[in-house]
Amino acid sequence: MLRSLFSQAPELKSPREIGLMREAGKVVAEALRLCREKARPGVRTIEVNREVEALFARYGAIPLFKGYPGQKIPFPAVTCISLNEQIVHGIPGQREIRDGDLVKIDTACKLNGWCADAAITIMVGDVRSERRRLVEVGEQVLGIAIQEITQRRWWSEVAARMQRHAETSGFTMVEQYVGHGIGRIMHENPQVPNYVSRDMKKHDFRLEEGLVLAVEPMVNMGRSDTRVLGDHWTVVSKDGLPSVHVEHTLALTSNGLEIITRDE
């Protein structure tokens with residue numbers, strides 16, 4: 001989601017509510033597994049989107065992206081599909097996936113009143129080594145969040161470690177877009193930055209049981225600067241270099257961390 005400096009306290013969930021979110025998470029995980037199967041050279045991104053839309057319909061799940069209000073137009077699809085220098089919010093269309101592409105697919109649904117949200121980056125075919133390393137580091141950054149969230153007291157402690165790993169690996173963390181709380185609606189409090197700054201520390205939050213977060217680092221190969229294309233949605237790196245985006249919905253429970261959108 002687009003970063004704002006105004007964030008309120010998290011909305012904690014009960015074990016029963018987390019259990020309901022788990023069911024939505026299973027559908028999202030299956031949708032992204034389907035995307036991995038379908039994202040092949042020559043396939044148009046709109047075709048991948050249609051497959052996910054059909055899957056949600058079979059489960060009676062409500063797609064959360066389609067119709068989501070924007071500054072100019074509502075988002076028109078059930079998935080965000082962003083290729084290479086596109087970071088997030090790419091609109092599926094007639095563009096064909098090519099060998100060597102980095103395909104970032106983000107999707108979310110609501111099932112029985114509760115939401116889940118996740119994203120993956122797919123390396124298609126023969127991907128250059130520097131791009132493979134970018135994807136590996138992006139996944140490691142999310143892995144750091146998963147590992148550290150039960151070990152730290154404040155989110156800023158986790159975010160600092162995520163940012164440090166991206167930067168010491170030679171990449172940059174996108175700061176204009178952040179993760180979010182999630183529950184009955186897709187975007188709840190708090191905002192979940194993947195980096196630390198003086199402004200963001202003012203809106204830090206405690207890591208406690210019942211917290212459910214959609215954590216979604218976006219790591220750029222080059223500079224962190226972004227811009228939005230003329231379609232009013234697709235976010236790209238200003239320098240045109242590739243980016244990686246990965247995301248899981250994570251719940252802090254009495255038994256530790258649960259990855260709501262884990263693909264079993």
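The residues of the chain are indexed from 1 along the displayed sequence.
In this structure a side-chain-to-backbone donor-acceptor pair under 3.5 Å is present from Asp204 to Ser156. Glu157 places a side-chain N or O within donor-acceptor distance of the main-chain N or O of Trp154, the cut-off being under 3.5 Å. Of the possible polar contacts, none joining the Ser169 side chain to the Phe171 backbone as a donor-acceptor pair under 3.5 Å is found. The backbone N or O of Pro193 sits less than 3.5 Å from a side-chain atom of Trp155, completing a donor-acceptor pair. In this structure, the side chain of Arg227 does not engage the main chain of Val235 through any donor-acceptor pair within 3.5 Å. Judged by distance alone, with hydrogens and angles left aside, the side-chain atoms of Gln147 form no donor-acceptor pair with the main-chain N or O of Ile144 at under 3.5 Å. In this structure, the side chain of Lys13 does not engage the main chain of Ala251 through any donor-acceptor pair within 3.5 Å. Within the 3.5 Å criterion, the main-chain N or O of Val127 finds a donor-acceptor partner in the side chain of Arg132. Judged purely by atom type and a 3.5 angstrom limit, Glu11 has no side-chain atom pairing as donor or acceptor with the backbone of Gly183. For Ser82 (side chain) and Gly90 (main-chain N/O), a donor-acceptor pair under 3.5 Å exists by modelled atom type.
Nearest heavy-atom pair across Leu257 and Ile146 is CD2-O, 3.3 Å. Considering all non-hydrogen atoms of both residues, Gly100 and Asn84 come closest at O-OD1, 4.4 Å. Minimum heavy-atom separation, Gly222 to Thr172: O-OG1, 2.6 Å. Here the shortest heavy-atom pairing between Val246 and Gly138 reads CG2-O, 3.5 Å. Between Ala31 and Thr107, the shortest heavy-atom distance links the atoms CB-CG2, 4.3 Å. Nearest approach of Lys66 to Pro76, heavy atoms of both residues: CE-O, 3.8 Å.
No side-chain donor-acceptor contact under 3.5 Å links Ser237 and Asn220. For the residue pair His248 and Thr261, a side-chain donor N or O sits within less than 3.5 Å of a side-chain acceptor on the partner. Residues Asp117 and Thr249 bring no donor and acceptor atom of their side chains to less than 3.5 Å of each other. His245 and Glu216 share a side-chain donor-acceptor pair at under 3.5 Å. Counted by atom type alone, Glu136 and Gln140 present zero donor-acceptor pairs between their side chains at under 3.5 Å.
For the atom pair CD1 (Ile46) and CD (Glu53), the distance works out to 8.0 Å, reported to the nearest 0.5 Å. Note that CD1 of Ile81 is 6.5 Å distant from CD1 of Ile97, once rounded to the nearest 0.5 Å. In this structure, CG in Asp101 is found 9.0 Å from NZ in Lys104, a value given to the nearest 0.5 Å. Interatomic distance, Asp239 CG to Glu85 CD, rounded to the nearest 0.5 Å: 10.0 Å. One finds the CD atom of Glu175 at 11.0 Å from the CE atom of Met218 (value rounded to the nearest 0.5 Å). The CZ atom of Arg44 sits 7.5 Å away from the CD atom of Glu96 when rounded to the nearest 0.5 Å.
Taking 4.5 Å as the limit, every side-chain heavy atom of Leu213 sits out of range of all side-chain heavy atoms of His180. Looking only at side-chain heavy atoms (C-beta outward), Pro92 and Thr79 come within less than 4.5 Å of each other. Side-chain contact check for Pro190 versus Pro10: some heavy-atom pair is nearer than 4.5 Å. The side-chain heavy atoms of Thr234 and Gln86, taken from C-beta on, include a pair separated by under 4.5 Å. Counting heavy atoms from C-beta outward, Asp106 and Phe65 have side chains that approach closer than 4.5 Å. Between Val43 and Val48, some side-chain heavy-atom pair lies under the 4.5 Å cut-off. Using a 4.5 Å heavy-atom threshold, the side chains of Asn112 and Glu23 count as separate. Side-chain atoms of Thr226 and Tyr177, non-hydrogen and from C-beta on, do get closer than 4.5 Å to each other.
Leu32 and Val27 fall into different hydrophobic clusters, defined by Ile, Leu, Val, Met, Phe, Trp and Tyr side-chain heavy atoms under 4.5 Å apart, directly or through other members. Connection of Leu12 to Ile149 is established within a shared hydrophobic cluster, with ILVMFWY side chains joined at heavy-atom distances below 4.5 Å, either directly or through further cluster members. Residues Val141 and Leu207 fall within the same hydrophobic cluster, defined by Ile, Leu, Val, Met, Phe, Trp and Tyr side chains chained together at heavy-atom separations under 4.5 Å. In this structure, Ile260 is not a member of the same hydrophobic cluster as Leu252, with clusters built from ILVMFWY side-chain heavy atoms closer than 4.5 Å. Residues Val212 and Val28 do not share a hydrophobic cluster, defined by chaining ILVMFWY side chains whose heavy atoms lie under 4.5 Å apart.
Legend: residues meeting ring-ring contact (aromatic ring centres under 6.0 Å, His included) with Tyr68, ordered by chain and number and at least two apart, are His187.
Checked for salt-bridge contact, Arg128 and Glu130 meet the test: a charged N lies under 4.0 Å from a carboxylate O. Taking 4.0 Å as the cut-off between side-chain N and carboxylate O, Glu47 and Lys38 do not count as a salt-bridged pair. Of the charged side-chain nitrogens involved, at least one lies within less than 4.0 Å of a carboxylate oxygen, so that Arg33 and Asp263 count as a salt-bridged pair.
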Item to complete: Given side chain to side chain contact (heavy atoms under 4.5 Å, CB included), test Arg153 with Arg206 step by step and report yes or no.
Response: CA-CA 6 Å; Arg153 188 175 182 184; Arg206 188 186 299 273; 2.7 Å; yes
Discussion item. For a side chain to side chain contact (heavy atoms under 4.5 Å, CB included) check, start with the C-alpha distance between Glu30 and Lys26, then their side-chain angles and the critical distance, and finish with the verdict.
Written reply: CA-CA 6 Å; Glu30 184 173 342; Lys26 290 177 182 178; over 6 Å; no
Worksheet item: ring-ring contact (aromatic ring centres under 6.0 Å, His included) between Trp233 and Phe75: does it pass, once the steps are laid out?
Response: CA-CA 8 Å; Trp233 277 104; Phe75 194 78; 5.2 Å; yes
Discussion item. Evaluate Leu134 against Leu102 for side chain to side chain contact (heavy atoms under 4.5 Å, CB included), listing each step before the verdict.
Written reply: CA-CA 10 Å; Leu134 175 67; Leu102 299 185; 4.3 Å; yes
Worksheet item: Can you check side chain to side chain contact (heavy atoms under 4.5 Å, CB included) on Met173 and Val219, steps first, answer last?
Response: CA-CA 5 Å; Met173 193 75 79; Val219 181; 4.0 Å; yes
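Checked against Val78 for a side-chain contact (heavy atoms from CB on, under 4.5 Å), the options Ile62, Val52, Leu64 give a single hit: Val52.
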